[in-house]
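See below for the structure under consideration.
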Amino acid sequence: TYLQSINKIATVTTLEEWASVWNHSHPDLVGVGATFVVIHDQRILTWSLFRDAVLPEWEHPANANGITLTHRTSVDESDATRVWRDLVLEAIRGAFPDTLLGIQVTKKPARHTTFVRFDVWLSAKADPLAHRQTLRALCHLEFTEAPRSSAPPAAHVGRRVGVGRR
C-alpha cells in the first residue's frame with residue numbers, strides 16, 4: 001500500500017542534525033546511482049521532508065483542505081539536486097511560515113530526459129501567493145497551484161524516503 005512504501009530515515013530538529021543526515025544518508029538524487037521503485041513499468045523516486053508527524057498523503061488531517069504548489073520540469077540532473085537541496089535547507093532553517101507542511105521531489109526518468117516534479121504542501125491557512133513569491137526568490141522557479149483529489153496521482157505511488165521535522 002501507499003503507506004507501506006514510506007520509509008522514514010530520520011527526525012531532525014536542528015540544521016546540524018539535518019546536515020548530518022544529508023551528508024551520511026542522502027544518495028545522489030538524480031544521478032546514475034539513484035535507487036528507483038518500478039510501478040506500472042515506470043521508475044519512480046520520491047524524497048519527502050515533512051513537519052512533525054505529517055505524512056505525505058492528502059488524507060492526513062494536517063493536509064485536509066490544504067494546497068499543493070507544484071513545479072514540473074525536464075531539468076538537468078545537477079539542477080534538480082541543487083533545487084531540492086536548497087528547498088530542504090530553507091525549510092529546515094525556517095525560511096517558510098508554519099503553514100508549510102512538507103516538500104517533495106519526484107523523479108521519473110524518461111527515454112531521453114529526466115522529468116522532475118517539486119511539490120510544496122501547505123496547510124489550509126496558507127497564503128499561496130506569499131509562498132509562491134518565496135519559492136520564486138529561493139529557487140528561481142514558478143510554482144503553480146496543483147489540483148487536489150482524494151487519491152494521490154500515479155507519481156505519488158512509490159517508495160518514499162522521508163525526513164521528519166519536529
Side-chain angles (χ1 to χ4, degrees), residues 2-3 5-31 33-37 44-58 60-64 66-73 75-107 114 116-146 148 152 155-156 158-166:
Y2 173 73
L3 286 177
S5 72
I6 298 172
N7 295 316
K8 183 176 182 177
I9 61 170
T11 297
V12 298
T13 57
T14 67
L15 187 56
E16 292 77 18
E17 289 173 353
W18 168 80
S20 178
V21 169
W22 185 272
N23 290 332
H24 292 98
S25 67
H26 192 278
D28 185 4
L29 174 64
V30 294
T35 303
F36 296 90
V37 172
I44 299 173
L45 171 73
T46 299
W47 282 87
S48 304
L49 174 79
F50 274 76
R51 181 181 300 279
D52 301 318
V54 177
L55 294 174
E57 62 174 0
W58 294 333
H60 190 279
N63 294 323
I67 301 161
T68 302
L69 300 179
T70 298
H71 179 81
R72 300 169 192 237
T73 187
V75 64
D76 178 82
E77 294 176 348
S78 62
D79 287 341
T81 300
R82 178 192 53 77
V83 169
W84 173 242
R85 183 201 62 225
D86 291 350
L87 278 173
V88 169
L89 183 59
E90 294 302 322
I92 292 292
R93 79 170 188 85
F96 298 101
D98 287 344
T99 53
L100 175 86
L101 299 174
I103 54 177
Q104 286 184 307
V105 61
T106 300
K107 176 190 174 186
T114 298
V116 179
R117 187 182 73 227
F118 299 98
D119 291 320
V120 177
W121 293 55
L122 306 173
S123 76
K125 297 177 183 176
D127 176 356
L129 180 59
H131 279 278
R132 287 176 63 197
Q133 290 170 341
T134 300
L135 289 163
R136 186 180 310 116
L138 293 174
C139 305
H140 308 289
L141 299 173
E142 292 296 325
F143 282 74
T144 59
E145 195 168 326
R148 298 292 282 271
H156 281 260
R159 181 163 298 280
R160 302 294 197 276
V161 181
V163 179
R165 179 175 181 220
R166 280 191 270 179

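Just the heavy atoms: all of them, side chains too, but no hydrogens, waters or symmetry mates, feed the values below. Computed from a prediction, not measured in an experiment: that's the story for all the values here.
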- Gap separating the OG1 atom of Thr99 from the CZ atom of Arg51, nearest 0.5 angstrom: 8.0 Å
- Using the side chain to side chain contact (heavy atoms under 4.5 Å, CB included) rule, take Leu141 and Arg136 through it: C-alpha gap first, then chi angles, then the decisive distance, then the call. CA-CA 5 Å; Leu141 299 173; Arg136 186 180 310 116; over 6 Å; no
- Closest approach of Glu57 and Asn63, non-hydrogen atoms and distance? O-ND2, 2.7 Å
- Note on the structure: Across all chains, not counting sequence neighbours, the side chain to side chain donor-acceptor pair (under 3.5 Å) partners of Thr70 are Asp119
- Correct closest heavy-atom pair for Thr134 and Ala95 would be CG2-O, 4.4 Å
- Among all residues two or more places apart in sequence or in another chain, which pass the salt bridge (Lys or Arg N to Asp or Glu O under 4.0 Å) test with Asp127? none
- Message: Checking Gln133 now: which residues fulfil side chain to side chain donor-acceptor pair (under 3.5 Å) with it, not counting sequence neighbours?
- Response: none
- Just checking, any donor-acceptor pair under 3.5 angstrom between side chains of Ser48 and Gln104? yes
- Query: Can you name the closest pair of heavy atoms from Phe118 and Leu87 and give their distance?
  - Reply: CD2-CD1, 4.0 Å
- Query: Roughly how far, to the nearest 0.5 Å, is CG of Leu49 from CG of Leu100?
  - Reply: 8.0 Å
- When rounded to the nearest 0.5 Å, the distance separating NZ of Lys125 from CD1 of Ile67 is 12.5 Å
- Message: I need the Ser123 OG to Asp98 CG distance, nearest 0.5 Å.
- Response: 9.0 Å
- Verify whether the ring centers belonging to Phe50 and Trp121 lie closer than 6.0 Å. yes
- Would you find a donor on one side and an acceptor on the other, under 3.5 Å apart, between the side chain of Glu17 and the backbone of Thr13? yes
- Residue pair Ile92 / Val12, side-chain heavy-atom distance below 4.5 Å: yes
- His131: partners by ring pair (Phe, Tyr, Trp, His ring centres under 6.0 Å), with sequence neighbours left out: none
- Message: For a side chain to side chain contact (heavy atoms under 4.5 Å, CB included) check, start with the C-alpha distance between Val105 and Val116, then their side-chain angles and the critical distance, and finish with the verdict.
- Response: CA-CA 7 Å; Val105 61; Val116 179; 3.5 Å; yes
- Here the pair of heavy atoms bringing Ile103 nearest to Ala91 is CD1-CB, 4.2 Å
- Message: Using the salt bridge (Lys or Arg N to Asp or Glu O under 4.0 Å) criterion, which residues pair with Arg85? Sequence neighbours excluded.
- Response: none
- Exercise: identify the closest heavy-atom pair between Pro128 and Leu122: CA-CD1, 4.3 Å
- Message: Looking at every non-hydrogen atom in both residues, tell me the closest pair between His71 and Glu142 and how far apart they are.
- Response: ND1-O, 2.7 Å
- Just jot down the ring pair (Phe, Tyr, Trp, His ring centres under 6.0 Å) partners of Phe96, sequence neighbours excluded, or say none. none
